[in-house]
Amino acid sequence: MAAFHFELVSPEKLLFSGDVEAVGVPGAEGDFQMLKGHAPLMSMLRPGVVTVDESASKSTKLFVRGGFAEVSASGLTILAEQAIPLADLDTARIDAEIKDLEEDLADAQTAEARQAASEKLSHVKELKAALKL
Amino acid sequence: MASLKDLRNRIASVKATQKITKAMQMVAAAKLRRAQMAAEAARPYAERMEAVLANVASGVTKGPRLLTGTGKDDVQLLVVCTAERGLCGAFNSSIARLARDKANALLAQGKTVKIICVGKKGYDQLRRQFEKNIIELIELRSVRQMGFENADPIGKKIIAMFDAGEFDVCTIFFSRFRSVILQIPTATQLIPAVIPGKAADAATATATYEYEPEEDEILASLLPRNISIQVFRALLENAASEQGARMSSMDSATRNAGEMIKKQTITYNRTRQAMITKELIEIISGAEAL
């Protein structure tokens, strides 16, 4: 399969930069798979797992806490709010995340903010269940 | 003329000072390396962010207020980022001076100026003149390694103030890290957002983007994020600049102390020699008189 350039950056550092074959992205309006030659796209992300397939045999999974994905002619760039390799993610980390979001939900002033927070919360809870943590 | 004992004491005290400045220089060098790495690691995100923002903003005609501003510039908010500690050369005072000049210029134009100080040293310097204008002091003294979680609350606070209509234009002051010996005090406008290279990018690759969800929605969540990122970047650049400034100023202090010791030692030796000679002359002339 053809490879394209992919970069994953968080505010603190550049987490991944290199050529990959496919990337699974948790878009705000549904997950999607990125392959080479994708049309230019800009999407928000929800909390979820980014799957990076560097080759048929080697793939990495990272948890991202929202952010943006940009697809342009030069490749895919994900600006993650926070990204943690799935291997480093444990129950304590994800519980802290859930607690954070619950606080956000309690603090939310407007109906829109409340809805956004509760959506995020449900995504993280789903993730926790899926990972059996 | 100082006695031998005085000279000895003076040399000992300069030596002690030199030891301290030397130690501070080495600590700053070690911290600088970390701070510089952090600042450099944060650059890709900020750069990509700018590129993405430029792409989105050029496709939107009527942006949210964070992008377009309130249309006025009557109330100006200055966010002045400085260090928490002194002994780093002109680092703090050059940022404070830049902010002070700007504040004076704005006041002369009859604008209202509000100041948020991040870091105690800038607050100390600006307090003398702008006591009434300073609305808040944010201390980051306890922070060891600057993280995004330190910058985010500041960014959120700025946005909350803007939404409450407390100011029209926001500018952030910090020192850009060029090298160990060169830090450039910089002022960057945060609100309304300045999109660099907007005109250049607009023509090339933007027209065919697909947006998911709509552009406005993306922009609405991208802009606040951009402000936090800018603050974060300013704090990191500042941290690296501070260590760089401290390292070079402590280096020159150490060198200065070395020179002083050399001079004092020469004076000490001369005085000692003079006394020996004097005593010898006394003994010899005493013996001759017999």
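Because the structure is predicted, anything quoted here is derived from the model rather than measured. Chain letters run A, B, ... following the sequence lines, proteins first, then strands; residues in each count from 1.
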Check: Considering only heavy atoms from C-beta outward, does the side chain of B/Arg225 approach that of A/Phe68 to under 4.5 Å?
Finding: yes
Check: So what's closer than 4.5 Å to chain A heavy atoms on B/Phe148: side chain, backbone, both or neither?
Finding: both
Note to self: Counting only non-hydrogen atoms closer than 4.5 Å, does A/Ser72 touch chain B with its backbone (N, CA, C, O), its side chain (CB onward), both, or neither?
What the structure shows: both
Check: Can you say whether B/Ile229 sits under 4.5 Å from chain A via the side chain, the backbone, both, or neither, judging by heavy atoms?
Finding: side chain
Next item on the list: With a 4.5 angstrom heavy-atom cut-off, could you sort out which part of A/Ala80 is near chain B: side chain, backbone, both or neither?
Entry: backbone
Item checked: B/Ile181 atom CD1, over 12 foreign heavy atoms within 6.0 Å -> no
Notebook entry, point to check: Which bit of A/Ser10 is near chain B, if near means a heavy-atom gap under 4.5 Å: side chain, backbone, both or neither?
Noted result: backbone
Item checked: Heavy-atom proximity to chain A below 4.5 Å, by part of B/Ser228 -> neither
Margin query: I need the residue from B/Ser221, B/Ala38, B/Gly147, B/Ala46 with the largest number of non-hydrogen atom pairs under 4.5 Å to chain A.
Written below: B/Ser221
Item checked: Interchain contact, A/Glu70 with chain B, by part (heavy-atom threshold 4.5 Å) -> side chain
Notebook entry, point to check: Taking atom CE of A/Met42 and atom CD of B/Glu214, what is their separation to the nearest 0.5 Å?
Noted result: 13.0 Å
Notebook entry, point to check: When rounded to the nearest 0.5 angstrom, what distance separates CD in A/Glu81 from OH in B/Tyr45?
Noted result: 6.5 Å
Next item on the list: Of all the heavy-atom pairs spanning B/Pro213 and A/Ala28, show the shortest one and how long it is.
Entry: CD-CB, 4.4 Å
Checklist line | chain A contact via B/Met49 - which portion, at a heavy-atom distance below 4.5 Å | finding: both
Notebook entry, point to check: Under 4.5 Å between any side-chain heavy atoms of A/Leu14 and B/Arg48, yes or no?
Noted result: yes
Next item on the list: Can you tell which part of B/Leu236 gets under 4.5 Å to a heavy atom of chain A, answering side chain, backbone, both or neither?
Entry: neither
Note to self: Do B/Pro44 and A/Glu7 have side chains that approach each other closer than 4.5 Å (heavy atoms only, starting at C-beta)?
What the structure shows: no
